[in-house]
Protein chains: 2
Amino acid sequence: MIEDEVAIRRFLRSSLDRKEYELVEAENGRHGLQLAATASPAIILLDLGLPDMDGVEVARSIRDWSAVPIIVLSARGREQDKVDALDSGADDYLTKPFGIGELLARMRVALRHAAKLDASETVLEVEDVRIDLSLRQVLRGGVEVHLTPNEYKMLAILARNAGRVLTHRQLLHEVWGPGYESETHYLRVYMGQLRQKLEATPAQPQFLLNEPGVGYRLKA
Amino acid sequence: MIEDEVAIRRFLRSSLDRKEYELVEAENGRHGLQLAATASPAIILLDLGLPDMDGVEVARSIRDWSAVPIIVLSARGREQDKVDALDSGADDYLTKPFGIGELLARMRVALRHAAKLDASETVLEVEDVRIDLSLRQVLRGGVEVHLTPNEYKMLAILARNAGRVLTHRQLLHEVWGPGYESETHYLRVYMGQLRQKLEATPAQPQFLLNEPGVGYRLKA
DNA sequence: GCAATCCTTACGCTTTCTTTACAGGCGGAA
DNA sequence: TTCCGCCTGTAAAGAAAGCGTAAGGATTGC
């Protein structure tokens with residue numbers, strides 16, 4: 001949310017909290033642009049009347065590098081304001097005052113759109129292995145490889161954090177849930193199975209790598 | 001445009017003609033649904049107060065087989081009307097009276113979205129089976145196969161997400177609605193029936209595939 | 001009242017998970 | 001060097017969970 005009025009901020013914060021949205025707040029344009037880049041929001045609620053720059057400019061800047069849905073919330077009801085904002089990359093425009101129900105519905109629309117879009121941008125390739133997170137499909141040399149739920153979960157987490165080392169605890173927590181953080185032998189078994197299915201020579205892994213004493217990582 | 005009021009029809013016709021949009025008109029819901037399937041519009045402008053059926057129903061029916069952008073134009077300004085329409089698959093909602101400039105801007109937004117998606121095929125062929133979502137028709141080897149409502153719903157969802165794994169929860173939610181997300185045995189029964197009707201050897205399915213512990217998918 | 005469809009249940013079978021056992025490699029200490 | 005402990009990788013087997021199928025009863029719509 002990029003919004004300077006305290007009243008609106010408080011109103012949205014309480015409404016969105018209740019719906020289990022996680023809200024990150026910026027009170028001016030500069031800070032908003034910075035957060036848009038660093039917090040990777042699923043959606044941006046943007047006020048037009050910001051203290052340091054015009055909201056339309058903020059929308060345009062974000063559109064230079066991101067397709068994240070932008071919903072403009074504005075006190076300006078003039079038609080030209082709406083046209084300008086929508087043509088600058090905003091996906092929707094609500095005039096204050098608006099009902100929280102309508103805002104939430106329009107947010108669902110925006111998220112629906114976004115879900116269909118970025119489904120196509122979640123593919124990772126290493127060696128001759130292709131991991132498609134949106135299809136939940138793994139290919140090796142063009143041939144589909146069947147993975148069990150746990151195998152896939154573990155690979156997906158490694159893929160989403162490609163290049164980074166994930167600790168034993170992190171992996172166990174993500175795949176098996178809380179309470180399993182010390183069952184490190186699970187990791188050895190499943191890592192072995194993944195290597196068996198994906199590595200050319202499972203005994204000398206090329207990308208499913210162990211960091212002794214720490215955890216595992218997927219070479220990018 | 002699906003709209004029964006003559007005045008609005010005339011207004012939109014002249015406005016859109018001038019912008020070189022090609023306009024196809026339906027004056028009731030039934031005709032609108034038919035045109036939506038045959039005229040393959042880039043966008044649908046939908047009135048809620050139609051003589052023969054509710055606009056929300058029209059939107060829902062179209063969403064069963066198409067992702068075409070739907071912009072609702074309505075005299076109803078109540079928040080709940082907006083929420084219902086948007087949650088039924090509409091992409092935007094304008095309350096009459098509206099400015100033509102705003103409508104055009106919102107149409108541009110919708111077209112922008114559609115351009116990025118556009119993988120909206122309504123016919124899918126796998127093996128000797130042909131699924132036509134706009135006709136609600138399934139052929140096998142050129143012969144029409146009769147499917148019960150639930151069977152068809154389930155197949156349609158799989159077809160619209162061809163290649164992607166749909167979880168048990170997703171399928172149950174889409175076909176049976178909220179509250180049935182844990183009745184996984186429904187899926188087994190209906191998947192069995194679909195295979196019986198569509199697969200050459202139901203016991204060794206070629207395209208209606210199970211992902212053990214996760215869900216099902218239709219092989220593309 | 002009839003036919004189609006849906007829901008429910010039971011059973012055998014397959015896949016996956018968990019657990020255990022053991023072997024190899026590496027580094028530090030004796 | 002040799003031994004030991006620690007961490008890691010491999011294999012296999014029993015337990016648990018999930019799946020496919022058939023069939024009968026309930027429900028719905030005509």
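All values derive from a computational prediction rather than experimental measurement. Heavy atoms only: backbone and side chains are in, while hydrogens, waters and symmetry mates are out. In what follows, chains carry the letters A, B, and so on, assigned in the order in which the sequence lines appear, proteins first and then strands, with residues in each chain numbered from 1.
Not one N or O on the side chain of B:Glu125 forms a donor-acceptor pair closer than 3.5 Å with the backbone of B:Val123. Of the possible donor and acceptor atoms, none in the side chain of B:Asp91 sits under 3.5 Å from a partner among the backbone N and O of B:Ile71. With hydrogens and angles ignored, the 3.5 Å screen pairs no side-chain donor or acceptor of A:Glu151 with any backbone N or O of A:Tyr190. In this structure, B:Glu183 contributes its side chain and B:Leu172 its backbone to no donor-acceptor pair below 3.5 Å.
Checking D:dG9, D:dG20, D:dA22 against every side-chain atom of A:Arg188, the shortest atom distance belongs to D:dG9. The side chain of A:His146 lies closest to C:dT15, out of C:dT5, C:dT18, C:dT15. Listed candidates were D:dA11, C:dT15, D:dG9. Nearest to the side chain of A:Arg195 is D:dG9. Nearest to the side chain of A:Val189, among D:dT8, C:dT19, D:dC19, sits C:dT19.
Residue-level contact check: B:Tyr216 touches the backbone only, with heavy atoms under 4.0 Å from sugar-phosphate atoms and none from bases.
For the pair A:Asn150 and C:dT18, the criterion of a side-chain N or O lying under 4.0 Å from OP1 or OP2 is met. Close to C:dC17, at under 4.0 Å from its OP1 or OP2, lies a side-chain N or O of A:Tyr190. Residue B:Thr148 places at least one side-chain N or O under 4.0 Å from the OP1 or OP2 atom of C:dC6. At C:dC17, none of the side-chain N or O atoms of A:Tyr186 fall inside 4.0 Å of OP1 or OP2 (strictly under the cut-off). Not one side-chain nitrogen or oxygen of A:Trp176 sits closer than 4.0 Å to the OP1 or OP2 atom of C:dC17. For the pair A:His185 and D:dT10, the criterion of a side-chain N or O lying under 4.0 Å from OP1 or OP2 is not met.
Atom NZ of B:Lys153 and atom C1' of C:dT5 are 13 Å apart (whole Å). For the pair B:Glu183 CD and D:dC19 P, the interatomic distance rounds to 15 Å; values are reported in whole Å. The distance between atom CD of B:Glu199 and atom C1' of D:dC19, rounded to the nearest whole Å, is 15 Å. Taking atom CE of residue B:Met191 and atom C1' of nucleotide D:dA22, one finds them 18 Å apart after rounding to whole Å. Rounding to whole angstrom units, CG of residue B:Leu187 and C1' of D:dG18 are separated by 12 Å. The interatomic distance linking B:Glu211 (CD) with D:dG20 (P) rounds to 11 Å, in whole Å. Remark: P of C:dG24 and CD of A:Gln204 are 15 Å apart, rounded to the nearest angstrom. For the pair A:Asn210 CG and C:dG24 C1', the interatomic distance rounds to 14 Å; values are reported in whole Å.
Nearest-nucleotide positions on DNA chain C for B:Pro212 and B:Tyr180 put B:Tyr180 closer to the 5' end.
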side-chain contact (heavy atoms from CB on, under 4.5 Å), that's the test. Do B:Ile8 and B:Lys96 meet it? Break it down for me. CA-CA 10 Å; B:Ile8 308 248; B:Lys96 300 176 188 174; 3.6 Å; yes
